[in-house]
Amino acid sequence: MQQDPEVIQRSPEELTGDLNQPQAEAVRYAGPALLIGAGAGSGKTRVLTRRIAWILSQVGAWPSQILAITFTNKAAAEMKERLAALIGPVADRMWVSTFHSACVRILRRDGEGVGLKNGFSIYDTADCERLIKLIGQDLNVDVKKFTPRSILSRISDYKNSLVDWKTQLAAFAPDYKPGQRGYRFGRIDNIEELYAVMYAEYQYRLAMANAVDFDDLIFKTVELLRTQPDVAAYYRHKFRFILVDEYQDTNHAQYILIRELAGVDDPAGPSAAVTVVGDSDQSIYAFRGADIRNIQDFEQDFPNARTIMLEQNYRSTQTILDAANAVITHNEGRKPKKLWTALGKGEKITGYAADNAALEAHWIAGEITRLHAEEGVRYSDIAIMYRANAQSRSLEEGLIKAGVPYQLVGGTRFYERREVKDAIAYLQAIVNPADNVNMRRILNVPKRGLGARAESMVAMAAESHNTTFWDALDHLEQIEGMTARTANPLSRFRDLMNSLRQFAAANDAHPSRIVAQVLHESGLLEELQKSDDPQDASRVENLSQLQSVAAEYEQHNPDGTLSGFLETTALVADSDQLPGADEDSGKVTLMTLHTAKGLEYPVVFLTGMEQGTFPHSRAMEDEKELSEERRLAYVGITRAKRHLYVTRAALRAQWGQANEMLPSQFLDEIPDELIDWKRRETGMERMRSGWRDDDEFGGWGDDDDEFGGFSFGGSTFGSAAPRTASHSSYGGSSYGSSRGSSSYGSSYGSSHDSSRRSGSRGGHGSYQWNRRYGSDLSNDRGGYSSSHSRAGQAGSGHSGRVTTRRTSPSANVKPVSATGADNHLDIADFHVGDRITHDKFGMGKVVDTQDKGRNSVLTVDFGSNGVKRLMLRLAPIEKL
DNA sequence: TAGAATCGTATTTTT
DNA sequence: TACGATTCTA
């Protein structure tokens, strides 16, 4: 095989010289199938990238012959980056992607084989739910009893196990024909029949709409490879080396996909060598169909397979590993495996039991402040993790009150926000007119007098002619019984779509122009701009961000198209939004344990260590699910490099009601001598067990002084807690004076609420401005500009699930936005009397301007929201 | 048809 | 609590 001149050739010494024995072996392995059992922190990405480089420079393969699959886009991007460092820029052109992206790529090229036409839509969960609801209405299914969610999850199960709708229909509803009307279910309680019918009808309508859902991407690709020998032959010939990361998280369909691509069952013998990397102890996606057996049975499944275990951990201290090992040992039927490290024992784990969630957050915030001030720990080296997103709230409040800058990963995704979805729906409907779900979504958005009646008239016309919604709409003159009052706005909508489609056709290479055109011509933007709801102001900004994302996409993909852009928006995930590990964002990171997989931080707080919270109450009954929770705990613990904290609250409010929480069983599973409890028992527990000698509990000192012992209810403390030392340290600046400390309890709470709703830009109350002015201002330039350009380069600037507080210097998620950390507004453009809108405070009038160059300040009267001084460069404002 | 008001019910994790 | 869905009213 001739070597690719573009690949930087690496010697064996360069590739394996600095690796340990098993690592080097894994890099060099030359057989047909290899399983790398990579414990947490054992350097698996390193081994994987080195192995790819080895295959290229030592085995002599071409870059195009390699397929590397990761679980997230972020992991793919990171692998590409590290590969580029090893072998040069060719890495960029390699197939290093997620399962889903790889499948999209295959289906875009060869999808006709399974009935997919050019420009097919990819439905996200919300789209799918809409579709299920529509079907439910048409078939008279009780959506109360059978929620779209539950139906979809069943359909997802079918697809993940490669069961097709025909099979289900034949078994449970042989009389049903997809697309038929007036079907009567045999017995009301025959759930299987219902699922079978729904599945069949759902697929029928997806096909009609030229759309696929997430699971279809895998399913259809398998179908394609199985039914089109020429296509299968093409890819089998093409890919000679297939590498799969996070193999423990693959589901059955993905497993079969790998088998098909590698030609494992081909009579001619396998065409590709398969390398899989994974850790069965880190399998945490069983609920989504991941099948742990895939990794457990690898050696039986792939002929002549070899297994290499990596057990030396380079990440954590022995104390942390001991805790992780101790916990995971409680899982039954697991291959024993012991991580070890050469890094030494390190610090003890710190434990803290708080009386309630607010106090847990308060203690954490205080501890972080201390770490930052006394030990010089960078905020960006700290992560706070929790089981469920809902827990982030109290933590956020605690951090805000203590003035700790943070970023939150997760929550409502950028692309799931209503206004963004609306805009995307337009784009989708432009690219794929058959897309009924998106077409119907935008029919009356913004309001144009087309309600349920108009919609159903068109829908019925479409059905009776067995055609798409758009097609019926396009021939609306032929629809019977249509009044002018309905027909007029309908035809205006038709004109709008036609004109947009024309524009899109003429500007296909410039998605950002199309986005702009859609935003303006549809009236989407106008409707929001006219509104005086302050929430709509942030919606406007989200839309402008969408345009920025499109512009960015354009930059990074010179030959990109509108449908290419839509693809990138469809397949983004939470963790994709995270800045690179080497980047100092200057912020503490908050995220769920699931999102944290694959990441590492010097300091990690594992919060909410309570029965019912973690392990989650729904998972406590079932042994299997409990095992998965335990693996999640294992993942969490092993994220920590140097110092692990475990915290819990005795009282936690879950949907309004405060509940008493017992300590998590996982805490008991960590050997006692590894944990240094700063506070072991909570006030209530202490009282319950009677007054005992204080000395029995080593360290509860500090907090007692602060709170006078213990408390029973959460509510009083919620507002009382913040009045502590950290409060005075940032307060007192002349800026943002409207919010005195006394108003915190109530007014803060509500403003925070609205910031959450208004999304990724939320929550820059005056108090954060204080902080900015007080401490961050002088040194923020460097940090800001470096992360700015980085984010741009990496192309990870899809703003969204990383929520960034303005307390901190960098705004790495929004490189191009008009109102990002540096919004490029010019003080000269503002005059006393001008009207502006602010993300948070709504409409306001300029009452003073101060030209101080980069630090120019605008004083704005926001009416009932008070008079604020805003730093122009940073203010999320727009001139009206 | 649109908007307001009320009501009821759900909250795990997500490619 | 917090959202979506339904119901009622203009």
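In what follows, chains are A, B, ... by sequence order, proteins preceding strands, each numbered from 1. Source: prediction; values computed, not measured.
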Tell me which nucleotide among [options] gets nearest to the side chain of [X].
{"X": "A:H100", "options": "B:dT14, B:dT12, B:dT15", "answer": "B:dT15"}
{"X": "A:T72", "options": "B:dT15, B:dT13, B:dT11", "answer": "B:dT15"}
{"X": "A:R453", "options": "B:dT1, B:dT12, B:dT15", "answer": "B:dT1"}
{"X": "A:H594", "options": "B:dT11, B:dT13, B:dT15", "answer": "B:dT13"}

Pick base, sugar-phosphate or nothing for [X], based on heavy-atom distances below 4.0 Å to the nucleic acid.
{"X": "A:R418", "result": "nothing"}
{"X": "A:K133", "result": "sugar-phosphate"}
{"X": "A:N444", "result": "sugar-phosphate"}

Going 5' to 3' along nucleotides 3-8 of chain B, which nucleotides have protein heavy atoms under 4.0 Å from the base (write B), which only from the sugar-phosphate (write S), and which from neither (write -)? S-----
Hey, is the side chain of [X] poking within less than 4.0 Å of OP1 or OP2 on [N], counting only N and O atoms?
{"X": "A:N389", "N": "B:dT11", "result": "no"}
{"X": "A:R149", "N": "B:dT11", "result": "yes"}
{"X": "A:T595", "N": "B:dT14", "result": "yes"}
{"X": "A:K74", "N": "B:dT15", "result": "no"}

Distance check needed: [N] [atom2] versus [X] [atom1], whole Å only.
{"X": "A:N294", "N": "B:dT15", "atom1": "CG", "atom2": "P", "answer": "19 Å"}
{"X": "A:D291", "N": "B:dT15", "atom1": "CG", "atom2": "P", "answer": "20 Å"}
{"X": "A:K597", "N": "B:dT15", "atom1": "NZ", "atom2": "C1'", "answer": "10 Å"}
{"X": "A:F287", "N": "B:dT12", "atom1": "CZ", "atom2": "P", "answer": "11 Å"}

Less than 5.5 Å between centroids and less than 30° between ring planes, does A:F71 satisfy that with B:dT15?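 Aromatic stack with B:dT15 absent for A:F71.
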With the criterion set at under 5.5 Å between ring centres and under 30 degrees between planes, would B:dT12 be stacked on A:H616?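 Answer is yes, a stack.
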Pi-cation contact, A:Y634 with A:R631 (under 6.0 Å, within 45°):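 So A:R631 doesn't make the cation-pi contact.
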Between the side-chain atoms of A:R387 and the base atoms of B:dT12, is any donor-acceptor pair under 3.5 Å?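 Indeed, a donor on one side and an acceptor on the other fall under 3.5 Å apart.
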Let's see if you get this right: which residues in residues 243-252 of chain A place a heavy atom under 4.0 Å from DNA chain B?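 Contacts with DNA chain B under 4.0 Å: none.
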